[in-house]
Amino acid sequence: MTANQEDAFEVLVWQWINAIPTGCVATYGQIAVLCGMPRRARMVGRVLAKLPPDTRLPWHRVINSQGRISNPNPARQLERLAAEGTLMINGRVRLATYQWTP
DNA sequence: TGTTTGACGGACA
DNA sequence: CTGTCCGCCAAAC
């Protein structure tokens, strides 16, 4: 895969995450599929990992397929989710309730 | 150039 | 339910 395609994928990831409505969530794998790159959930995570701390992207709406937080700093994400009404029960989001479907 | 490391996911015990 | 294992793939060693 060329560097250009990598960049394109990164931009797509930004755009799809930006499209997640307030109060909803999406999984890493889901974002990968939406970007037309199935099996690249880890790369979605890598894109998020290099976001600047002050980004306005709603990265907190991206969780793993178990409805759990994969972010190494869960407290921040938990707070942001709670702030928009996405509640976690026993450390997990009910995907059946909150998962976004475009 | 070979190995390890992740903001992953699904299968299985 | 939890823990383990394996496939995944670019980056960092």
Side-chain angles (χ1 to χ4, degrees):
Chain A
M1 188 177 234
T2 71
N4 247 312
Q5 290 173 315
E6 284 291 312
D7 293 342
F9 175 73
E10 185 177 42
V11 172
L12 268 178
V13 169
W14 294 339
Q15 293 179 336
W16 277 112
I17 291 177
N18 201 44
I20 306 172
T22 303
C24 294
V25 299
T27 68
Y28 295 90
Q30 182 185 358
I31 296 296
V33 168
L34 288 172
C35 292
M37 302 297 279
R39 287 180 245 112
R40 307 254 165 139
R42 293 188 99 123
M43 269 111 264
V44 173
R46 189 145 40 67
V47 170
L48 294 197
K50 64 180 185 184
L51 287 175
D54 62 337
T55 180
R56 78 176 170 71
L57 208 70
W59 51 266
H60 57 283
R61 297 180 190 147
V62 183
I63 59 182
N64 67 27
S65 67
Q66 318 299 306
R68 290 227 207 53
I69 289 177
S70 294
N71 190 319
N73 184 342
R76 212 170 76 139
Q77 183 163 6
L78 192 53
E79 185 179 359
R80 300 185 87 170
L81 284 173
E84 60 186 40
T86 303
L87 306 180
M88 298 200 77
I89 301 174
N90 294 331
R92 70 166 58 201
V93 170
R94 270 192 194 289
L95 289 175
T97 302
Y98 296 103
Q99 183 169 28
W100 175 51
T101 52

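In the text below, chain A, chain B and the rest are named by the order of the sequence lines, each starting its count at 1.
You can see that DNA chain B meets the heavy atoms of chain A within a 4.0 Å-exclusive cut from B:dG6 to B:dG10, reading 5' to 3'.
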> Step by step, would you call A:Thr97 with A:Leu87 a side chain to side chain contact (heavy atoms under 4.5 Å, CB included)?
Replying inline: CA-CA 10 Å; A:Thr97 302; A:Leu87 306 180; over 6 Å; no

> Can A:Trp16 and A:Val44 be said to form a side chain to side chain contact (heavy atoms under 4.5 Å, CB included), step by step?
Replying inline: CA-CA 11 Å; A:Trp16 277 112; A:Val44 173; over 6 Å; no

> Can you list the steps and then say if A:Met88 with A:Ile69 is a side chain to side chain contact (heavy atoms under 4.5 Å, CB included)?
Replying inline: CA-CA 10 Å; A:Met88 298 200 77; A:Ile69 289 177; 3.8 Å; yes

> When you look at A:Ile31 and A:Val47, which way does the side chain to side chain contact (heavy atoms under 4.5 Å, CB included) test go after all the steps?
Replying inline: CA-CA 11 Å; A:Ile31 296 296; A:Val47 170; over 6 Å; no

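The number of heavy-atom neighbours closer than 6.0 Å to CZ of A:Arg94, taken from other residues, nucleotides and ligands shown, is 12 or below. Atom CG of A:Asn90 has 12 or fewer heavy atoms from other residues, nucleotides or ligands within 6.0 Å.
Here the separation of B:dT4 from C:dC5, taken at their P atoms, is 16 Å to the nearest Å.
Between A:Val13 and A:Cys35 the shortest heavy-atom distance is N-SG, 3.6 Å.
The closest side-chain heavy-atom distance from A:Trp59 to A:Gln77 is below 4.5 Å.
Contact annotation for A:Asn71: base contact, defined as any heavy-atom pair under 4.0 Å involving a base atom.
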>> Each nucleotide in nucleotides 2-8 of chain C should get exactly one letter: B, S or -. Can you fill that in based on protein heavy atoms under 4.0 Å?
In response: S----BB

